[in-house]
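In what follows, a single structure is set out as structure tokens and then discussed.
Predicted, not measured: the structure shown is a model, and the values here were computed from it.
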Protein chains: 2
Amino acid sequence: MKPGVSPDIFPPRSHEAKRVSVVDAAASVFCREGYAGANIDLIAAEAGVSRQTVYNHHGDKEKLFVAVVRDLTERCNAGIFATIASFPDQPTNLEADLIAFAVRMNRNCICNRDGRFLRKLIQAEGGRYPELFAEWREQGPGRTWSALAARFARLAFAGHLSIGDPDVAARQFLALVNAELQITFMLGGVPTEEEVLRSATNGVRTFLSAFARRKSPAAKQAALAHA
Amino acid sequence: MKPGVSPDIFPPRSHEAKRVSVVDAAASVFCREGYAGANIDLIAAEAGVSRQTVYNHHGDKEKLFVAVVRDLTERCNAGIFATIASFPDQPTNLEADLIAFAVRMNRNCICNRDGRFLRKLIQAEGGRYPELFAEWREQGPGRTWSALAARFARLAFAGHLSIGDPDVAARQFLALVNAELQITFMLGGVPTEEEVLRSATNGVRTFLSAFARRKSPAAKQAALAHA
DNA sequence: ACAAATTTAGACAGGCTTGTCCAATTCGTC
DNA sequence: GACGAATTGGACAAGCCTGTCTAAATTTGT
């Protein structure tokens, strides 16, 4: 044990550490180059591992790809549900709380490494692995929307919002909050913190304009005065 | 000239007809297989042309790819601006007119062959051809949003809507109207006419809830606060 | 109908990639 | 320190793909 070595060097890594290292590198290369363009040698090099080790761990290219997708799916879902758990059920300032939630959602689930990679793989290879991505679809967006819809329904029940169909509202919330980031996402870029905040702010304001509780003008005025 | 042949057979096609045939087939194959996975032999076969003809017309694979993207970009933009020209400037029934417009937009620009193909190519290869897609970005979304924003501003000016920032409203309109189609788009699928209509209906209703003209001072204040 | 231009099929070299095999080395653990 | 497992680097065959070249067939324009 000689801990005095340079922090940039990870001299020996465990078996398991190499497995994840390979999967991480593979995710990066598959995304950058596409499935067909991805080169096992490059993945091995990027993982700091020999090509043979890649084959030892994952068998062949296709199995490696499946492992990558499963890994990303799992981590993304975990992040999404962790973030949804922070939904403002008892908002003190509805607008500010929803904006903060939207920013968290973006930062932790959609703009982060896993989110961007998974999205790109789904877009690029979704047609080639229908069953694999059908699995993602059920576990990911399906449950995300349900969970989010339940939270919005709760806000509506508590009198903070006036919502017709919570499922529709949940999907529209996500769409609005990302409205200004679409192009950046499409080109595979990463929006700045400021862009995320602006899109979330504009999106939440419009969302609340549409779904804020409608009772009397006075109540509305009071609600707006909050902000 | 013997027009009596079977309609399924196009015995001799002109030079120019072969060029477009090749570009069309290439678009299809590039989308399905990705740039690296696309095979010139397959493109030639799908175009009903010999491999050498592909090279005669387009030089090499990369030039062919660029030709495909330019072709798709041009046709998509033409479709988009033709559709925007049908924006309901003098609506008789604002909700119905906007829903119909949204459906047209989807059907003619976003869900059709060109739209789906271009989107997929941008997503998959956007990182590899920054200048090519930067061109698309300016000519396409940039001008689309401006044009749409101008139409919404006009509706607001005519007293049909209460809008803070027309650019924001335009982007949010598109986001809302497509909110329920995102997953289908991601997986490269084609939504049914009914799905398009439902997403547009829900989106436009929410849009109008947020931006319908407000009379109360509080609402006006909120609208101004947007800017 | 004739001449020029285009298209075709096929062969071909060169390069790259996948996946396997193996001998030498290094690592984890006792 | 020693043993077994994992890792490495390199060689290797097989296959695939791009891009070129050719000679023959076909189409187009006149």
message: With rounding to the nearest 0.5 angstrom, report the CZ to CG distance, A/R113 to A/D24.
response: 4.5 Å
message: Quick check for you: to the nearest 0.5 Å, what is the distance between B/T73 atom OG1 and B/W136 atom CH2?
response: 8.0 Å
Rounded to the nearest angstrom, tell me the gap between atom [atom1] in [X] and atom [atom2] in [N].
X     : N      : atom1 : atom2 : answer
B/I40 : C/dC12 : CD1   : P     : 22 Å
B/H15 : C/dT7  : NE2   : C1'   : 10 Å
B/E33 : D/dC16 : CD    : P     : 15 Å
A/E16 : C/dC27 : CD    : C1'   : 16 Å
B/D41 : D/dT20 : CG    : P     : 14 Å

query: Hey, does the Lys NZ or Arg CZ of A/K61 hover above the aromatic six-ring of A/Y35, less than 6.0 Å from the centre and inside 45° of the axis?
result: yes
- request: Taking side-chain contact (heavy atoms from CB on, under 4.5 Å) as the test, write out the residues that go with A/A25, two or more places apart.
  value: A/I43, A/E46, A/A47
field: Within residues 43-61 of chain B, residues whose heavy atoms come under 4.0 Å of DNA chain D
entry: B/R51, B/Q52, B/Y55, B/D60, B/K61
field: Any B/N39 side-chain N or O less than 4.0 Å from OP1/OP2 of D/dC16
entry: no
- request: Would you please confirm or rule out a distance under 4.0 Å between OP1 or OP2 of D/dT8 and any side-chain N or O of A/K18?
  value: yes
- request: Please work out if B/A38 contacts a base, only the sugar-phosphate, or nothing of the nucleic acid, heavy-atom cut-off 4.0 Å.
  value: sugar-phosphate
- prompt: Crowded around A/E74 CD? As in, over 12 foreign heavy atoms under 6.0 Å?
  reply: no
task: Sort out for me which residue in B/W145, B/F211, B/F87, B/F207 forms a ring-ring contact (aromatic ring centres under 6.0 Å, His included) with B/F173.
output: B/F207
task: Just report the end-to-end axis angle for the helix from C/dA1-D/dT30 to C/dC30-D/dG1, five pairs per end, to 10 degrees.
output: 50°
task: Evaluate side chain to side chain contact (heavy atoms under 4.5 Å, CB included) for B/F101 paired with B/D97, printing each intermediate quantity in order.
output: CA-CA 6 Å; B/F101 172 73; B/D97 290 350; over 6 Å; no
message: Looking at A/V190, is its backbone amide N or carbonyl O close enough to the side chain of A/R116 to form a donor-acceptor pair, meaning the two atoms are under 3.5 Å apart?
response: no
- request: May I ask you to test the A/V68-A/F117 pair for a side-chain heavy-atom distance under 4.5 Å?
  value: no
